[in-house]
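Worksheet: the structure to be examined is printed underneath.
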Amino acid sequence: MAEAFDRQTAFSGTRPASSIADLSKTNLAAYLDSHIPGFHGPFTIEQFKGGQSNPTYLITSASGRYVLRRKPAGKLLPSAHAIEREYRVTSALAAQRFPVARPFCYCANESIIGTAFFVMEHVAGRVFWEPWAPGLSAGDRAGLFTSLNQTIARLHSIDVDAAGLSDFGKAQGYVARQIKRWSEQYRASAGESIEEMDRLIGWLPGACPAQSQTAIVHGDFRLDNCIIHPSEPEVVAVLDWELATLGDPLADYTYHLMMWWMPRSDSGAGVGSLLDHEHDPGIPAIESYIRDYCSQTGRASIADLNVYLAYNFFRIAAILQGIIGRVRDGTAANRNAAHMASEVRPLARTAWRFAEMAGA
């Protein structure tokens, strides 16, 4: 029997920068010195192991630690890798005292390191790559889930106008646009035919719920996209805002809920799952978790839950298929991305199961 993949070991920490030759340290040093107050070298660069989409690097300098996030080199899918949007939304959220890594500067000049990039502060803390947060006590695990729920509820409660993000996306039609976007990107990246994906592409446009509220949505809110306080069960920074926009907060929240039903990945290439850990000490029942979010955001319940879940499992299947396409084209940013091909079909089947529960 094959040994279970250890996501925590595989994705934690850094490794030598795989594209160090592309990172002109002379150009970068001059740029950072003139754009980040107090920055001075010498410095070293290492690449974070985790993450699939935009390569992310730890800069350790004489003046402290910083994080550089850049677009990958090569052919990119339309509208993907929008680090300029990450920079804008995290700048706005930092001003609202929402927990993000404070950004310092954005550089669109590709002559510096070969692609556009931005630099943010390094936030000390822990990253749990498994959604059940191995190693925590029952009390700390319960506190962590409470903090996750409070954090996403707080995000969805931020006044878009006050944050200066009223033009960050279209106010209405978020799910319909997402279905269209990911259907197109799936078709652009697809290799073998997956019947459930084809059915979902046909069914979802007519089933998507009417949007009752517009909020800032993260687009990929998971435990492993959060930095947790070094010793307390508290979210201190939410990472990876590439997919952020204005949209339907219930679509964003139900994406976060997928961990309760996420198919397990034997290779570690997929998304972490709570399956077989739903009853670990401190993990809340899904029903009470949803009730707490609804209470914090002033709603009675989540109507059309199964439709939202069908949409979200379809969406993540299409996202993974896009990464597979980048492997095929030679632009994948993560060495584990090639294993993702086996993860798309189980996600599509799960999506279709929720669609059937919603009446498909």
Side-chain angles (χ1 to χ4, degrees), residues 1-7 10-11 50-53 77 80 129-132 175 178-208 219-220 222 224-225 243 251 254-278 286 305-360:
M1 182 176 179
E3 185 177 351
F5 183 86
D6 186 343
R7 292 170 56 86
F11 299 145
Q52 300 288 346
S53 185
L77 290 173
W129 286 95
E130 295 290 5
W132 64 89
V175 174
Q178 288 283 298
I179 292 168
K180 181 176 185 294
R181 173 187 179 183
W182 294 112
S183 295
E184 291 173 351
Q185 293 207 5
Y186 169 77
R187 285 171 168 152
S189 303
E192 63 175 337
S193 174
I194 298 177
E195 182 180 358
E196 291 84 357
M197 291 296 282
D198 294 335
R199 290 178 182 173
L200 288 158
I201 288 171
W203 176 78
L204 280 169
C208 65
D220 196 14
R222 309 192 308 252
D224 57 20
N225 275 333
L243 299 174
T254 49
Y255 176 93
H256 173 57
L257 298 181
M258 287 195 302
M259 58 184 163
W260 267 272
W261 299 279
M262 184 64 63
R264 287 180 300 174
S265 169
D266 294 330
S267 69
V271 177
S273 172
L274 275 179
L275 290 180
D276 296 334
H277 292 274
E278 309 96 312
I286 182 66
L305 178 63
N306 290 327
V307 178
Y308 277 118
L309 288 167
Y311 149 72
N312 273 307
F313 276 102
F314 164 79
R315 175 176 175 267
I316 197 170
I319 289 172
L320 293 191
Q321 184 62 54
I323 297 172
I324 294 165
R326 295 206 307 280
V327 172
R328 184 183 62 223
D329 296 336
T331 61
N334 189 287
R335 64 187 66 185
N336 296 301
H339 298 291
M340 288 186 172
S342 63
E343 311 299 332
V344 176
R345 193 177 297 274
L347 289 166
R349 288 172 176 165
T350 302
W352 185 247
R353 187 168 71 247
F354 280 112
E356 289 180 319
M357 292 169 62

With no hydrogens and no angle check, is any side-chain donor or acceptor of Asn312 less than 3.5 Å from a backbone partner on Ala251?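 Looks like yes, one N/O pair under 3.5 Å.
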Mark yes or no for whether Arg7, through its side chain, and Glu130, through its backbone, hold a donor-acceptor pair below 3.5 Å. no
So do [Y] and [X] actually touch side chain to side chain, heavy atoms under 4.5 Å?
X	Y	value
Phe314	Glu196	no
Tyr308	Cys208	no
Leu309	Thr350	no

Roughly how far, to the nearest 0.5 Å, is the [atom2] atom of [Y] from the [atom1] atom of [X]?
X	Y	atom1	atom2	value
Phe313	Thr254	CZ	OG1	10.0 Å
His277	Leu275	NE2	CG	9.0 Å
Asn225	Trp129	CG	CH2	7.0 Å
Ile316	Glu343	CD1	CD	10.0 Å
Ser189	Leu320	OG	CG	11.0 Å

To check you understand the geometry: which heavy-atom pair defines the closest contact between [X] and [Y], and what is its length?
X	Y	answer
Ile201	Ser183	CG1-OG, 3.6 Å
Gly272	Pro131	C-CG, 3.7 Å
Val271	Arg222	CG1-CD, 3.6 Å
Arg315	Gly219	NH2-O, 2.8 Å
Leu347	Pro263	CD2-CD, 3.9 Å
Ser193	Arg345	O-NH2, 3.7 Å

Let me see the working for Trp203 and Asp198 under side-chain contact (heavy atoms from CB on, under 4.5 Å), right down to the final yes or no. CA-CA 9 Å; Trp203 176 78; Asp198 294 335; over 6 Å; no
Hey, mind stepping through Tyr311 and Leu200 against side-chain contact (heavy atoms from CB on, under 4.5 Å) and telling me if it holds? CA-CA 8 Å; Tyr311 149 72; Leu200 288 158; over 6 Å; no
Taken in chain and number order and not counting sequence neighbours, the residues that satisfy side-chain hydrogen bond (donor to acceptor under 3.5 Å, both in side chains) with Trp182 are Gln178
Take Ile286 and Trp261 through the side-chain contact (heavy atoms from CB on, under 4.5 Å) test and state the conclusion after the steps. CA-CA 10 Å; Ile286 182 66; Trp261 299 279; 3.9 Å; yes
Glu278: which residues meet the salt bridge (charged side-chain N to carboxylate O under 4.0 Å, His left out) condition with it, sequence neighbours left out? none
Without placing hydrogens or testing angles, list every side-chain donor-acceptor pair under 3.5 Å for residues 351-359, not counting sequence neighbours.
| unit_1 | atom_1 | unit_2 | atom_2 | d |
| --- | --- | --- | --- | --- |
| Trp352 | NE1 | Glu356 | OE2 | 3.2 |

